[in-house]
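In what follows, chains are A, B, ... by sequence order, proteins preceding strands, each numbered from 1.
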Amino acid sequence: MTDEQKSLAPANPKMTARDVKVFYGPKQAIKGVSIDVDMDNVTAFIGPSGCGKSTFLRTLNRMNDTVASARVDGTITLDGEDIYAPSMDVVQLRARVGMVFQKPNPFPKSIYENIAYGPRIHGLAASKADMDVIVEKSLRRAGLWEEVKDRLQDSGTALSGGQQQRLCIGRAIAVEPEVILMDEPCSALDPIATAKIEELIHELRGRYAIVIVTHNMQQAARVSQRTAFFHLGELVEYGVTSDIFTNPKAERTKDYITGRYG
Amino acid sequence: MTDEQKSLAPANPKMTARDVKVFYGPKQAIKGVSIDVDMDNVTAFIGPSGCGKSTFLRTLNRMNDTVASARVDGTITLDGEDIYAPSMDVVQLRARVGMVFQKPNPFPKSIYENIAYGPRIHGLAASKADMDVIVEKSLRRAGLWEEVKDRLQDSGTALSGGQQQRLCIGRAIAVEPEVILMDEPCSALDPIATAKIEELIHELRGRYAIVIVTHNMQQAARVSQRTAFFHLGELVEYGVTSDIFTNPKAERTKDYITGRYG
Amino acid sequence: MSSPLSPAERLPTDWKSDAMRKRIARRYAAERRFRLLGLGAVLLSAAFLAFLLVTMMGNGLRGFTRTEIALKVDFPASPLLLDPQAITDEALANANLPMVTSSVAEKMLGKEADAWLAPTAWISMRDAIKADPTILNRTEVIRVPASTDIDLAAKSDGTPAAEAAVKRLKQAGILSTGFNWSFLSSSDGTDPTQVGIWGAFKGSLLTMLVTLVLSFPIGVATALYLEEYAPKAWWTDIIEVSINNLAAVPSIIFGLLGLSIFLNFLHLPRSAAVVGGMTLALMTMPVIVIAGRNAIKSVPPSIRDAALGIGASPVQVVFQHVLPLALPGILTGTIIGMARALGETAPLLMIGMRAFIATPPGGVTDPATVLPVQIFLWSDEVSKGFVEKTSAAIIVLLVFLLAMNGLAIYLRNKFEKRW
Amino acid sequence: MTGPAIILLLAGLGAIAWVSARARAVRLQTAARATGRRDAVHSLPGYHGWYVALWTLIPAAIFLAVWANVAPGLVTQSVLADPAAQALPADGFARSAILGEARAIASGLQAGAFNPASEALVAPYRTAISEYGIAGAVLALILAFAGGAYAFTRIRPDFRARTRVERLVMMALLLASLLAIVTTLGIVASLLWESFRFFSMVNPIDFLFGFKWSPQSAAMGYGNDDAFGAIPLFWGTIFIGAIIAMIVAIPLGLMSAVYLTQYASPAVRKWMKPLLEVLAGVPTVVYGYFAALTVAPALRDFAVAIGIRGASSESALAAGLVMGVMIIPFVSSMADDSIAAVPQSMRDGSLAMGATTSETIKRVLVPAALPGVVGGVLLAVSRAIGETMIVVMAAGLAANLTLNPFASVTTVTTQIVQLLTGDQEFDSAKTLAAFALGLVLFVVTLLLNIVALRVVKKYREAYE
Amino acid sequence: GDQSSGAGGTRDQIRAVGSSTVYPFATAAAELFVQSNPGMKSPIIESTGTGGGMKLFCAGVGAQHPDIEDASRRMKKSEFDQCQANGVKDIIEVQIGVDGLAFAESKEGPGLSLTPKIVYEALAANPYGEDANKAQTWKDVDASLPAIPISVFGPPSTSGTRDSLAELILEVGCRTDPAMAALKEKNEDEYKATCTRIREDGKYVDSGENDNLIVQKLGANPNAVGVFGFSFLEENKNTLKDVPINGIPATYDTVSTGQYPGARPLYIYVKKAHMQAVPGLQAYLNIFASNWGPGGVLARRGMVPAPDDVRKANAETVKSLTVLDGADLK
Ligand SMILES: Nc1ncnc2c1ncn2[C@@H]1O[C@H](COP(=O)(O)OP(=O)(O)OP(=O)(O)O)[C@@H](O)[C@H]1O
Ligand SMILES: Nc1ncnc2c1ncn2[C@@H]1O[C@H](COP(=O)(O)OP(=O)(O)OP(=O)(O)O)[C@@H](O)[C@H]1O
Ligand SMILES: [Mg+2]
Ligand SMILES: [Mg+2]
């Protein structure tokens, strides 16, 4: 971490990563990344394909545990607690650090059940009425309530792509997470749906720490306040978004931004 | 075709398309496209995902015949001959209009056999010595000879992605095509391999009429002299590449180039 | 549902609360239970298999051995009227060897000794004379099979009388139990000490040959057609449905089909390997088609595009690219289908292969039986000696089948996903 | 001329045709290539070779096939014209038996006559057969030459030989795939006719819905009316195949699939999966023997020990249990496929919400895979109810309508075997009932399969 | 018919089809045949059941049709007619021996002693045409018997052995009632139904053709009675003992002479037209004739020799190949 980057770090970051290395078997996919994520800003990860954006994102809620060959080195904390400590419970961690995937993946259940799934497994609702409240609130926050309130029992897979993705965001919100990770949430969506999701991210900002991976530099510019540029498993540059796009420090960043590769 | 586009048409185009419409079942994917392709320029097709670039490209060598639901309307000629005429033999047509695909797809055979396959089925080599000459020449043109000359019997799938893609280009060249169609040939490649392919396209230009589909506007700008912008199955704008990128006529083109969607 | 809520209405969940901790502990316990349940299911299934195999081995291994009694035959003194110079099959057949054999035994061991020898014991005598006629001029020790009672008593436990006899014979040092080679080389018979599986085994081989020759090309051709060329039309749907259905039609119904079409309508020979093979081919074909289609489907479309893109015709694409790549998968399916056909019994009962056939078949039109039917026939035999022979035949069949399945699994693992 | 000789000769001609046509094509094409026009040459020389060879062989082969069917009639006619044929009996069947035998002897298929009357006809047959044999051979050769010559003259550099040869290949493939339909029709035909005869003796309604299966009455001439109620057989079949076997197979199969796909390490999975598949590879006759000699007595002893009355050593439980074990791999591989077909993103989605693996399996994967699993179970059921050897050897013959798993029940397949190998007259309703039962079995498995495949397919499409 | 395709192949092997009861004896004879005629191929013996065998046997003469039918009952009139219609004119009928229908129980069993009447009353569906059989224990049938539940394992209704059970035991027991004897004259059908129909409430268990299993089951159910071929009793003397009928134990002598009531003749039927054409057919018949006596190989396999006069008459038939005239068939 360069000095300058450190200065960027907020006083009280929500999550911190220090010298994180990720290996897939013998292959190193992340080569010592340190970064801080805070509540007030949306952080965007950009970089060419295969540079390790998704891999790094998934270390933040230990989704990499599900890949048998993956191994993580270094320290990552959530509110100062080491999330790779043996005392950390992954199940709780994942409830606190929600995730939204590239392709919308609603469960093949009703819209209601999609939202209720998380609160139910974590026992967050004491009664059916409680659950109703949670479902409505989550759908509202996800900006989907008006569109689906009359058909909560329809299957979640019957929605359009953009609606599905908002449903997935709503599902993540329903367990009251503190951080939301999004891995190219719009890449499978059309421009209009994309615009809606971007708007939603704007609204959610401040309430949750949000990290978004994107291939689309314009999108990064639109939605984020902080941008991290990855290349070949390294964090090349991390800074205020407008600076990165208008005035990149590193040569590689500049080449990438101006479309020399990728 | 606007007047201006017509003026762009070379006096003696290699291939022409007039009012081409393509349907997948009831769905129209191409809505009346007219375009000319010539030997001297590399033509790039750009446009957002799903706009019909690949579909149109595949009508040029009748690869769409293999899609049961696809139906093509309008006229496409190669050297003035209607390629959809009943007398046209598709097999020969495809030898004359070669194709390179998005994902490198070498046959799981030796490098030598990959190149030799086309000449063999078309009876282009009278003897083993003949074939050796063809293989060497094609690999040289594809810029791969130096890298593989000592391991021609290795499997083509054992090469790196970029090498594989060049092998596929060599394979297409081996049957002495007149036109080469490339559908996002670099989208699966890393920046270095991409650069090599782009260089290769430069070298091949003039010997073959080359059409390349790309998602990457920078790439279109780098390799092509003519650019066609597709949107929702229509050819929105077709012109000299530098004009299109610096001074687009249509509003839609401008929006796309400046990253408003896609 | 209640009225709109203010966003701050819910506090962040308190993950550290006691209730929450307990809840998580419960969830983890459930997780462990579920996992153990799964492991239990796997182990239980494996245990069934192990139990089956061990039982069969336990019963069957004894079937590969045979108890023999060494008879000391003083040929010149025996009532045998044979000229060592003129030993022919005819002469031997007329020499009343059974009587001679029992009289030799009685002379040597006493009155009841005849019952200790297998009814076919004299055949060993005959074979010995045939192998070396000069023994007729001297005294020779010849090992002849013991009767079933003695055999069982020698190997495990038998009737008290037989146990006593075994004890006596053992004391005399003329009883021995050894590997029964003739079990592998001879055919069906009525005396359990003499029977073998060679005839049935050869029948199985011939039947499988017919099955393979018919079902493999037809199955592959069908798979190629359906997967690569068939247009979407009502009649291709019918073909698909037929094939999927044939793959599940009860095997006995194929037997009824063979009975009425091949035997009663086409008048093909009864009990012959060719009819068995044809019937089983109809059963195996759909298996090959389905496996073949899956294998063909798994050949990436990019290979087809590549070949088409340089001007290969659809037939060239399929025969030069798709088929070679799909072949390991097709072969795996074929082996599995053949293994199933090899173990099949029910349809063959209907077409006359449930027969006593003591001569191994010479060709596909000769009457034949197959291993599983032989097992079925023996399981129904009166004599107790057949129990272990049945299990022994089962072992042979199982070894054969496990080898085939093993080969299929090996092929599948080896060629799984190469692109 | 004999069959093998003429076939060899034709094969030789075909080879010659191939070689000469190919040579000619090479010559013509080399010349044409010199013109430099790209479409001057169409097909590779080998295709020309095949084109001519096929023209040489196929018409001749078709002719021979037709001739082989027509010639015997002609031969017989000419033999009947022979004076020796005057002595033949008028009775049709005996007459044709004698003729057939004489032909067999004349063509060397048979050594001696079963029927003295046929001996006189051997000589006339011999002459007639050789005459017609030669005629056929000559005609076939003429056709071969004509076909070959026609094709040979069509060789041009740009002649589209490949297209034509390939069309033939496609036709062969199409014909091969039609065989499946032919087989299905064959099954239906072979069952339908005898079933029809059965139903002319027994009312189908009584058969399908009667509660009493008691063919002893029919056999002994008490009439068929209430003897053939097949409900007890259907019940036995369902009891063993669809209930007991599935109670064993579904939990074990499903849980094994879940464990192996979701929990087991790759090494364990690599070994255990094939091991379980071996269960499906064990021949059914072995299972039958095992069920009859090991499982059934043990179960009976157990039942007696815990004081169950009416325990039989041919219990439904023994057959069902062993059949269930046999079916485990079916269920587990279908479940395995269906679970694997649930997109990884579902699993990720659930895990990312903080669900444990078992919660993910129970609440997301299995419900999502359910249609596939159900389809697999239906297929397994159809397999189980058609299974024969286990029940023939281990289930009883008593047509009981009972819920006691330790009692003896009988199944459709057992009865088919029993009825067809019994000592009764063959044309009695009793033996014909086997075909009617076969028909019912066929129809039921057909329906089960169609439904199952629909379900599976629909569900696959949902994720594609 | 006219098809010569499959009929082919020189038939140098004898083919026999038919009853599973005769099967072991036919195979034993086949083995003897090969041993005494070296160079000859072994006959093919198929176990199809008597009925299935008859259908094949009567389908015609010629290489594709079997030469011999093994039957555990006499040929029926209808079958004979079928044979005639298909050109199988000259049929030789040979009775090769007798199959004892033995009643047996486990060695640990109670030592029952039965009579046809008791058996009938215990097993009939409606004894003497009255209500459904309600007897639960043997004592209910006859006070002298122990009070153990009736449980009989016997041949299934498809089997020829079952016919014998009906004819030799049940009908005899039934006719002890004069009313039934009278009924036989009046209404044959009703008589048959009353006298031979067996109860279906589980007291009588159909037990398949696999008599080995019956033997095993008797071992497991000491209180049950089994009904099967005499040869099985012989073979399993160490686990089973016979149940005397009318006080007569089942032994070779009593069965052979017909004293033991459960005995039925076994036949083979041969096509005369095949005698010339199939090599060895005559020799095979001779094997039967020379081994069916007491102490012969067939007897060692468990077949009960027919009485002397029957054997003599049939030996004569084998020698002269006397043809069955069919008039006395039923
Ligand atoms: N499960 C895995 N096993 C092995 N290697 C993996 C695995 N997942 C990813 N990798 C490798 O790790 C590197 C980083 O992959 P990652 O998916 O994080 O890239 P990315 O930046 O998200 O790319 P994209 O923009 O294409 O999604 C790549 O080289 C990739 O091949
Ligand atoms: N085989 C097909 N059947 C039906 N519709 C198809 C088929 N192939 C493509 N389409 C549809 O035709 C339209 C044009 O597709 P096409 O693949 O040509 O787009 P593209 O411009 O190449 O997009 P991309 O940049 O994603 O490759 C799309 O809406 C697509 O869904
Ligand atoms: Mg990624
Ligand atoms: Mg495309």
Side-chain angles (χ1 to χ4, degrees), chain C residues 27-28 30-31 34-35 37-39 41-42 44-46 48-49 52 55-56 218 221-222 224-226 229-230 238-239 241-246 248-253 256-257 259-261 282 285-286 313 315 339 343-346 349-350 372 375-376 379 390 394 397-398 401-402 405 409, chain D residues 162 166 169-170 172-174 176-181 183-184 186-187 190-191 251-252 255-256 258-260 263 272 274-279 281-286 289-290 294 325 328 356-359 379 382-383 386-389 393 413 416-417 420 435 438 441-442 445-446 449-450 453:
Chain C
R27 286 171 64 199
Y28 276 122
E31 167 79 21
F34 189 75
R35 193 189 167 115
L37 220 58
L39 184 62
V42 173
L44 196 56
S45 309
F48 269 123
L49 180 67
L52 175 84
T55 312
M56 288 302 155
I218 295 178
T222 306
L224 284 178
Y225 185 77
L226 290 181
Y229 302 120
I238 292 185
I239 296 182
V241 170
S242 311
I243 285 176
N244 287 324
N245 179 52
L246 285 181
V249 166
S251 60
I252 191 162
I253 291 191
L256 297 178
L257 168 82
L259 175 66
S260 54
I261 306 277
L282 293 181
M285 199 245 324
S313 70
V315 171
E344 196 54 75
T345 317
L349 300 182
M350 304 283 113
I375 289 166
F376 181 65
S379 76
T390 311
I394 285 178
L397 181 61
L398 278 179
L401 279 170
L402 294 187
N405 278 307
I409 290 164
Chain D
R162 193 198 71 238
E166 288 182 347
V169 172
M170 297 284 270
L173 296 186
L174 173 62
S177 50
L178 289 181
L179 190 75
I181 297 184
T183 310
T184 308
I187 289 176
S190 54
L191 295 176
L252 286 181
M255 284 308 290
S256 301
V258 162
Y259 183 80
L260 289 181
Y263 287 111
M272 287 311 286
L275 204 67
L276 291 193
E277 281 169 13
V278 165
L279 281 175
V282 173
T284 55
V285 67
V286 176
Y289 191 70
F290 180 67
T294 309
V325 171
I328 288 174
T356 62
T357 314
S358 65
E359 284 162 350
L379 287 179
S382 89
R383 169 96 206 228
E387 171 47 41
T388 309
M389 293 320 290
M393 297 173 83
T413 47
I416 293 178
V417 172
L420 282 180
F435 290 91
L441 193 57
F442 177 74
T445 48
L446 179 72
N449 275 287
I450 290 179
L453 289 171

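Heavy-atom pairs under 4.5 Å with chain D were tallied for C:L49, C:L44, C:L398, C:L282; the largest tally goes to C:L49. Heavy-atom pairs under 4.5 Å with chain C peak, among D:T413, D:V278, D:V258, at D:V278. Highest contact tally toward chain C, considering only D:G186, D:S256, D:G386, is held by D:S256 [criterion: heavy-atom pairs under 4.5 Å]. With chain D as partner, the option from C:N405, C:I252, C:L397 having the largest number of non-hydrogen pairs under 4.5 angstrom is C:I252. Most heavy-atom pairs under 4.5 Å with chain C, from the set D:T184, D:L252, D:T445: that is D:L252.
Using a 4.5 Å heavy-atom cutoff, the side chains of D:V282 and C:L52 are in contact. Between C:Y225 and D:L178 there is no side-chain heavy-atom pair separated by less than 4.5 Å. The shortest distance between side-chain heavy atoms of D:P283 and C:L401 falls below 4.5 Å. The shortest side-chain heavy-atom distance between C:L257 and D:F442 does not fall under the 4.5 Å cut-off. With a 4.5 Å cut-off on side-chain heavy atoms, C:F34 and D:E359 do not count as touching.
Contact of C:L39 with chain D is made through backbone and side chain together, with heavy-atom distances under 4.5 Å. Interface residue C:S45: backbone and side-chain heavy atoms are both found under 4.5 Å from chain D. Using a 4.5 Å cut-off between heavy atoms, C:L349 touches chain D through its side chain atoms alone. Contact annotation for C:A339: neither backbone nor side-chain heavy atoms come within less than 4.5 Å of a heavy atom of chain D. For chain D, the nearby parts of C:I239 are the backbone and the side chain; heavy atoms of each come within less than 4.5 Å. Contacts between D:E277 and chain C at a heavy-atom distance below 4.5 Å involve the side chain alone, from C-beta outward. Heavy-atom distances place both the backbone and the side chain of C:L37 under 4.5 Å from chain D. Of the two parts of D:L446, the backbone and the side chain both hold a non-hydrogen atom closer than 4.5 Å to a non-hydrogen atom of chain C. Heavy-atom distances place the side chain of D:L276, and not its backbone, under 4.5 Å from chain C. For D:L379, no part lies near chain C; criterion is any non-hydrogen pair under 4.5 Å.
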Check step by step if side-chain contact (heavy atoms from CB on, under 4.5 Å) holds for D:F435 and C:I253.
CA-CA 9 Å; D:F435 290 91; C:I253 291 191; over 6 Å; no

Give the C-alpha distance, both sets of side-chain angles, the deciding distance and a yes or no for side-chain contact (heavy atoms from CB on, under 4.5 Å) between C:I238 and D:I181.
CA-CA 8 Å; C:I238 292 185; D:I181 297 184; 3.7 Å; yes

Step by step, would you call D:Y263 with C:V42 a side-chain contact (heavy atoms from CB on, under 4.5 Å)?
CA-CA 12 Å; D:Y263 287 111; C:V42 173; over 6 Å; no

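The minimum heavy-atom distance linking C:S313 with D:R162 is given by the pair CB-NE, 3.6 Å. Taking all atoms of both residues into account, the shortest heavy-atom contact from C:S379 to D:M393 is OG-CE, 3.6 Å. Among all heavy-atom pairs drawn from C:A46 and D:L275, the shortest one is CB-CD2, 4.3 Å. Closest heavy-atom contact between C:M350 and D:L420: SD-CD1, 3.4 Å. Scanning both residues, D:G438 and C:L256, for their nearest heavy atoms gives CA-CD1, 4.3 Å. Here the shortest heavy-atom pairing between D:A180 and C:L246 reads O-CD1, 3.6 Å.
For the atom pair CE of D:M389 and CZ of C:F376, the computed distance is 4.0 Å after rounding to the nearest 0.5 Å. Distance CG/D:L279 to CZ/C:F48: 9.0 Å, rounded to 0.5 Å. Between atom OG of residue D:S177 and atom CG of residue C:L224 there is a gap of 10.0 Å, rounded to the nearest 0.5 Å. Put simply, CZ on D:F290 and OG1 on C:T55 are 4.5 Å apart, with the number rounded to the nearest 0.5 Å. Distance CG/C:N245 to CD1/D:I450: 6.5 Å, rounded to 0.5 Å. Taking OG1 of D:T183 as the reference point, atom CE of C:M285 lies at 4.5 Å (rounded to 0.5 Å).
No side-chain donor-acceptor contact under 3.5 Å links D:S190 to the backbone of C:I261. C:E31 places no side-chain N or O within donor-acceptor distance of the main-chain N or O of D:T356, the cut-off being under 3.5 Å.
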